[in-house]
Chemist: 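Here it is, the structure, as structure tokens.
Atoms within each ligand, like the ligands themselves, are counted from 1 in listed order.
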Amino acid sequence: MTILTNPLSIRPISDEEVRAALDAAVAQVRRNLPAFTYAAQNHSSVDNFYPAVANDQWTAGFWPGEIWLAYEHTGDKTFRHAAQIQVQSFLHRIENRIATDHHDMGFLYNPTCVAAWKLVGDEDGRKAALLAADQLIERFHPVGGFIQAWGEMGAADNYRYIIDCLLNLPLLYWASRETGDSKYRDIALIHARTTLANSVRPDDSTWHTFYMDPVTGGPVRGVTCQGYRDDSSWARGQAWAIYGMALSWRYEALPEYRESFDRLLAYYLKRLPADLVPYWDLIFTEGDEPRDSSSAAIVACGLLEMADLVGGEEADGWRQLARRMVKSLVDNYAVRDPAISNGQVLHGTYSKKTPFNTCTGEGVDECVAWGDYYYMEALTRLSRNWSSYW
Ligand code: GLY
């Protein structure tokens, strides 16, 4: 297992601190209910405050996920009621295919509808999540063996997948278990294989997006969208890969998932600054570039997931490391005063525009919806024996 160069600079968070941080996060969720019971949160905050928007972004599932986590922490039926209102919105969205022409069905439907089914047996949640799984497999290309991320199916400029999609695969594993039909799982396995074959570079950093050849199905080239430049390693892409491998390993214990987890994690840890929260691209290890706090939360969840699966001494090491990362987030990044933000975690970065990438600049040094959700998931994982939404 990789050891940080200076792992003692931040001590592991204690159980008492976890409880206090989760209480504070749940209080923030409660404060947000009036504004966001019948609305979605924007993907990122604007001057640290999320505007209310329609349920049509790829990120809309994270806020309902926070509500479910708040329900689990408190047992308060107010949260359950609000989360089930969101489930209805998600059922409407998938039945009418509102802004679902992309691959992010897991991000949308796991923390909302799979959670609703698992926690309270919400039949509409199950139905919506299965429809979302059906939508997701429609984006699978047998030529190349991948799920197309964005855009019109088969379009030459979009014949590619992205590393983030590993987090959409649990929806497919869940759908196969739920229906007894292996077609979802089979596609997840092929997509994960294609991702490992192409997206992890020899130095264990990752390409953000990867083009495949529509005729031969062979690999063409990796390019970035949200990273600093093509050959750098976008911090969140590396974080998605780490957590994605842990989740893949939970469903299918293939040795390459475990090995890749170790290698991806080792690269990530080498690029961390002293407070264990990465800059938005791992090309930066010091200086004034913005951080991406959400990557730290995602990696902490990946470490805790893998620790639960593996057990033993190695698991203890990963848990301690996750506790240090979460301690840093709680002490230095979490919102302490609702007057400064309606989010949970400051200093996330959605998309930073550079001369070398293709994204639209937005959500730089802001709260980001998934950062808030995974922060709460990490705290929840540290506070109880949590049954995953993924
Ligand atoms: N999945 C898109 C992002 O992480 O920004």
Chemist: What I want to find out is whether Asp15 reaches Arg323 closely enough, with some N-O distance under 4.0 Å, to be called a salt bridge.
Modeler: yes
Chemist: Hey, would you say the Phe90 and Tyr109 ring centroids sit under 6.0 Å apart?
Modeler: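 For Phe90 and Tyr109, the ring centres are under 6.0 Å apart.
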Chemist: Check ligand 1 against Trp58 and write out every atom of the ligand that is under 4.0 Å from a heavy-atom position of the residue.
Modeler: 1 (N), 2 (C), 3 (C), 4 (O), 5 (O)
Chemist: By number and element, which atoms of ligand 1 are closer than 4.0 Å to a non-hydrogen atom of Tyr350?
Modeler: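 So the atoms of ligand 1 that pass are 5 (O).
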Chemist: With nothing but distance in play, are any N or O atoms of Arg236 less than 3.5 Å from an N or O of ligand 1?
Modeler: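 Looking only at distances, the answer is yes, because the N/O contact criterion of under 3.5 Å is met.
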Chemist: Salt-bridged, Lys352 to Glu362, with N to O below 4.0 Å?
Modeler: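 Salt bridge between Lys352 and Glu362, a charged N being under 4.0 Å from a carboxylate O: no.
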Chemist: Does Arg30 pair with Asp76 as a salt bridge, N-O distance under 4.0 Å?
Modeler: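 Looking at Asp76 together with Arg30, the answer is yes, because their closest N to O distance falls below 4.0 Å.
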Chemist: Within the structure, does Trp370 bring an N/O atom to less than 3.5 angstrom of an N/O atom in ligand 1?
Modeler: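 No - when backbone and side-chain N and O of Trp370 are compared with those of ligand 1, no distance drops under 3.5 Å.
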Chemist: Judging by distance only, is a nitrogen or oxygen of Trp240 under 3.5 angstrom from one on ligand 1?
Modeler: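 Yes, since at least one N or O of Trp240 sits under 3.5 Å from an N or O of ligand 1.
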Chemist: Using a strict 4.0 Å cut-off to heavy atoms of Gln226, name the atoms of ligand 1 that fall inside it.
Modeler: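 Matching atoms, with element in brackets: 3 (C), 5 (O).
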Chemist: Assess whether a salt bridge exists between Arg236 and Asp281, defined as any Lys/Arg side-chain N lying under 4.0 Å from an Asp/Glu carboxylate O.
Modeler: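 Looking at Asp281 together with Arg236, the answer is no, because their closest N to O distance does not fall below 4.0 Å.
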Chemist: Which atoms of ligand 1 sit under 4.0 Å from any heavy atom of Asp164?
Modeler: 1 (N), 2 (C), 3 (C), 4 (O)
Chemist: Do Tyr375 and Tyr333 make the cut of ring centroids closer than 6.0 angstrom?
Modeler: no
